[in-house]
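Take a look at the structure set out below.
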Amino acid sequence: MKIFSESHKTVFVVDHCPYMAESCRQHVEFDMLVKNRTQGIIPLAPISKSLWTCSVESSMEYCRIMYDIFPFKKLLMAALAAVGPPNPRADPECCSILHGLVAAVETLCKITEYQHEARTLLMENAERVGNRGRIICITNAKSDSHVRMLEDCVQETIHEHNKLAANSDHLMQIQKCELVLIHTYPVGEDSLVSDRPKKELSPVLTSEVHSVRAGRHLATKLNILVQQHFDLASTTITNIPMKEEQHANTSANYDVELLHHKDAHVDFLKSGDTHLGGSSREGSFKETITLKWCTPRTNNIELHYCTGAYRISPVDVNSRPSSCLTNFLLNGRSVLLEQPRKSGSKVISHMLSSHGGEIFLHVLSSSRSILEDPPSISEGCGGRVTDYRITDFGEFMRENRLTPFLDPRYKIDGSLEIPLERAKDQLEKHTRYWPMIISQTTIFNMQAVVPLASVIVKESLTEEDVLNCQKTIYNLVDMERKNDPLPISTVGTRGKGPKRDEQYRIMWNELETLVRAHISNSEKHQRVLECLMACRSKPPEEEERKKRGRKREDKEDKSEKAVKDYEQEKSWQDSERLKGILERGKEELAEAEIIKDSPDSPEPPNKKPLVEMDETPPVEKSKGPVSLLSLWSNRINTANSRKHQEFAGRLNSVNNRAELYQHLKEENGMETTENGKASRQ
């Protein structure tokens with residue numbers, strides 16, 4: 001259905017009764033030469049506008065803001081210029097606001113140019129084009145009952161004109177109408193009408209009542225209403241440097257408030273960093289976002305990436321700061337706007353620039369631009385992450401890619417299945433539990449779990465799928481019984497990491513999380529979970545056996561450590577003792593060489609061997625000195641030979657060679673001797 005909102009048609013109804021000719025009693029000083037006035041000259045008396053003038057000016061300001069921001073496809077009546085001011089001497093009984101309200105309803109029933117284009121495009125479905133509108137009535141009501149009478153009049157008029165429009169090709173029925181009644185009265189008087197928020201009077205008509213003093217208060221109220229009706233927001237530009245008129249060499253900072261579409265603040269609303277302030281005018285308060293003026297930039301090519309552009313309209317269009325700012329921008333200059341911050345670097349969030357004679361507020365992206373090179377996949381939240389499951393994610397993308405859908409499918413209830421909704425549902429199932437980092441998962445790093453993880457995400461399981469899942473669980477139980485290692489990541493941990501029992505506990509918990517995420521898919525998914533929980537709940541005797549096994553492993557670790565420490569200490573002591581023996585041997589050999597070389601030296605006596613037989617084995621005689629490695633090897637061989645009974649053949653061997661099957665040779669020798677004797681006989 002082509003729906004036109006209430007903002008498509010806005011009709012102003014301004015009361016033209018004699019009472020509207022009264023003064024609003026808000027004085028305007030126009031004789032500004034107070035200090036330089038010559039004595040004797042009587043100052044001019046201040047003037048005040050009438051209620052009619054205040055109403056017309058506020059209505060025109062409403063229209064100006066709307067046309068600045070939405071120059072197309074918005075309609076407002078412009079007949080106020082042809083109407084003169086109200087006659088204060090006219091008979092009040094002859095003037096009634098009801099005629100204006102009836103004319104407003106008739107105007108809403110008329111087909112606009114844009115509605116006609118939409119009906120032409122829809123052809124046979126022209127009735128699907130919507131017709132909505134808004135009536136803003138500015139009047140001076142006598143009481144709350146007078147307001148209710150006006151509302152009843154509008155409601156009855158809409159009902160009658162909808163009947164006429166149903167039988168006409170040139171009229172359209174009103175589907176929704178907003179009635180905004182503004183009761184205005186002079187400053188200093190008490191209001192006879194109470195404010196009332198929006199209220200639904202019928203399925204077609206809603207009404208709200210505002211009681212406002214005339215003058216600047218009425219203009220401020222219309223300014224707030226135009227923001228509500230057309231989804232506008234306020235931005236105040238602060239610290240605008242501007243030269244003073246009286247002193248050209250000095251400058252002062254000014255503020256200018258701008259109105260624009262609220263989408264220019266979407267990024268602020270998402271991040272929660274709104275920098276909301278307030279502008280107070282004559283007791284009224286409205287929210288505005290404050291942005292700080294930056295040094296103008298003339299080269300637009302160097303500006304940041306822009307995500308949106310919205311037309312702006314100054315709130316106080318006739319003020320000197322607003323006029324200077326608009327002229328500055330229309331001359332081709334651009335201004336960057338930053339978010340005010342107490343600390344940290346400044347953030348440029350918006351830019352003001354003109355295009356084709358219109359000023360736009362540009363939204364600049366403060367994050368990485370999509371036009372730049374994509375970030376490295378290792379740059380994740382919280383620092384650099386280097387163990388993303390990139391390969392698994394590629395497989396995940398292939399399993400969930402979109403393809404053309406040709407044959408229609410129907411659900412169990414007979415309704416047509418929408419391909420896009422089915423794709424979203426599948427993607428939701430596949431991502432219920434999908435760790436992105438290798439170190440955060442165990443089961444997805446195990447090849448043994450692949451059969452279960454690939455089928456548990458299905459919407460429905462077959463009996464074969466259930467059997468495969470159960471086999472996978474039984475294989476994991478067998479792995480735990482054999483105490484097989486698991487691919488547990490030790491990134492960021494010190495030492496050996498968790499013990500084997502803790503590794504399997506982590507694996508079972510993660511597997512249970514995966515299965516529980518899909519138990520609502522079907523009854524067979526529940527069967528897989530029951531099998532998993534049955535295998536996890538071990539009997540008491542098995543738990544006791546595992547405890548005993550853990551104690552035994554701890555004792556073995558302690559004993560192995562003690563043996564290693566003892567062997568290292570003993571090896572160090574033996575090596576130190578052998579070093580001392582070798583040093584003494586070298587000294588004695590040097591003394592013997594000196595005595596031998598002397599001509600009068602006697603034959604050296606037999607010396608006691610350096611190393612006793614019970615300490616080191618006999619060393620083969622060699623021409624050169626004996627190395628430390630040879631001494632140590634002989635020492636180890638001797639120590640090892642004492643630990644077992646030596647082979648009898650090696651004990652009787654010659655040069656470490658034992659002759660085998662000696663009894664066979666002896667038997668053959670005896671037979672030969674007997675045969676020889678027999679032959680000689």
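Basis for what follows: all heavy atoms, side chains included, without hydrogens, waters or symmetry-related copies. Just so you know, residue 1 is the first one in the sequence shown, and it goes up from there.
Taking 4.0 Å as the cut-off between side-chain N and carboxylate O, R196 and E151 count as a salt-bridged pair. Taking a cutoff of 4.0 Å between a charged side-chain nitrogen and a carboxylate oxygen, R311 and E358 qualify as a salt bridge. Salt-bridge check for R432 with E428: passed, with a basic side-chain N closer than 4.0 Å to an acidic carboxylate O.
Annotation: side chain of I135 is not in contact with side chain of T107 (no heavy-atom distance under 4.5 Å). Using a 4.5 Å heavy-atom cutoff, the side chains of T326 and P314 are in contact. Here the side chains of V154 and L201 are not in contact, with every heavy-atom distance at 4.5 Å or above. Counting heavy atoms from C-beta on, the side chains of V363 and V266 never come closer than 4.5 Å. Using a 4.5 Å heavy-atom threshold, the side chains of C324 and Y254 count as separate. You'll find the side chain of I240 stays beyond 4.5 Å of the side chain of P321, heavy atoms only. With a 4.5 Å cut-off on side-chain heavy atoms, L330 and S354 count as touching. In this structure, N140 and C17 have side chains that are not in contact, with every pair of non-hydrogen atoms separated by 4.5 Å or more.
Contact detail for C294 and I348: the closest heavy-atom pair is SG-CD1, 3.8 Å. Across every non-hydrogen atom of V204 and I174, the tightest pair is CG1-O, 3.6 Å. Shown here for N239 and D255, the closest heavy-atom pair between the two residues is N-OD1, 3.4 Å. The two residues P88 and P18 make their nearest non-hydrogen contact at O-CB, 3.8 Å. Closest non-hydrogen pair, Q173 versus A166, comes out as NE2-CB, 3.1 Å. Annotation for A214 and C24: closest pair CB-CB, 3.5 Å, computed over non-hydrogen atoms.
For the side chain to side chain contact (heavy atoms under 4.5 Å, CB included) with L352, the lone residue among V256, L291, L258, L336 that qualifies is L258.
Checking side-chain atoms of T157 against main-chain N and O of C153 turns up a donor-acceptor pair under 3.5 Å. Looking only at distances, no side-chain donor or acceptor of D15 sits under 3.5 Å from a matching main-chain atom of M20. In this structure, S322 contributes its side chain and N318 its backbone to no donor-acceptor pair below 3.5 Å. Panel note: side chain N223, backbone A219; no donor-acceptor pair is recorded below 3.5 Å.
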Practice task
Apply side-chain contact (heavy atoms from CB on, under 4.5 Å) to the pair K9 and N131, showing each step before the final yes or no.
Solution key: CA-CA 9 Å; K9 295 180 179 180; N131 184 31; 2.8 Å; yes
Exercise for the section: List the steps, then state whether side-chain contact (heavy atoms from CB on, under 4.5 Å) holds for R132 with S5. Expected result: CA-CA 6 Å; R132 301 184 177 190; S5 67; 5.7 Å; no
Exercise for the section: Check step by step if side-chain contact (heavy atoms from CB on, under 4.5 Å) holds for L179 and L150. Expected result: CA-CA 10 Å; L179 177 61; L150 298 179; 5.8 Å; no
Practice task
Might you work through the side-chain contact (heavy atoms from CB on, under 4.5 Å) test for V129 and I111, ending with a clear yes or no?
Solution key: CA-CA 10 Å; V129 178; I111 302 176; over 6 Å; no
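For NZ of K262, the number of neighbouring non-hydrogen atoms (other residues, nucleotides, ligands) closer than 6.0 Å is 12 at most.
Under the 30°/60° scheme for interplanar angles, the aromatic rings of W293 and F328 are found to be tilted. Using the six-membered ring where Trp is involved, H261 and Y310 have ring planes that are parallel, under 30° apart on the 30 and 60° scheme.
In this structure, the separation between CD1 on I138 and CH2 on W52 is 9.5 Å, given to the nearest 0.5 Å. The distance from atom CG of L108 to atom CD1 of I158, rounded to the nearest 0.5 Å, is 7.5 Å. Distance check: C63 SG to M60 CE gives 4.0 Å after rounding to the nearest 0.5 Å. Note that OG1 of T206 is 4.5 Å distant from CD of E178, once rounded to the nearest 0.5 Å. The CG atom of L325 lies 12.0 Å from the CZ atom of R320; values are rounded to the nearest 0.5 Å. Note that the CZ atom of F360 and the OG atom of S334 stand 12.5 Å from one another [nearest 0.5 Å].
The side-chain hydrogen bond (donor to acceptor under 3.5 Å, both in side chains) search around R25 returns E189, not counting sequence neighbours. Partners of H161 according to the ring pair (Phe, Tyr, Trp, His ring centres under 6.0 Å) rule, which considers only residues two or more places apart in sequence or in another chain, do not exist here. Under the side-chain hydrogen bond (donor to acceptor under 3.5 Å, both in side chains) criterion, E421 pairs with no residue, sequence neighbours left out. Contacts of D152 classified as salt bridge (charged side-chain N to carboxylate O under 4.0 Å, His left out), with partners at least two apart in sequence or in another chain: none. Under the salt bridge (charged side-chain N to carboxylate O under 4.0 Å, His left out) criterion, R64 pairs with E61, D68, not counting sequence neighbours.
No side-chain donor-acceptor contact under 3.5 Å links T10 and H229. Defined by atom type and a distance below 3.5 Å, a donor-acceptor pair is present between the side-chain atoms of T235 and H260.
A ring-ring contact (aromatic ring centres under 6.0 Å, His included) check over residues 172-204, counting only residues at least two apart or in different chains, returns the pairs H183-Y185.
Taking the ring centroids of H99 and H16, they lie at or beyond the 6.0 Å cut-off.
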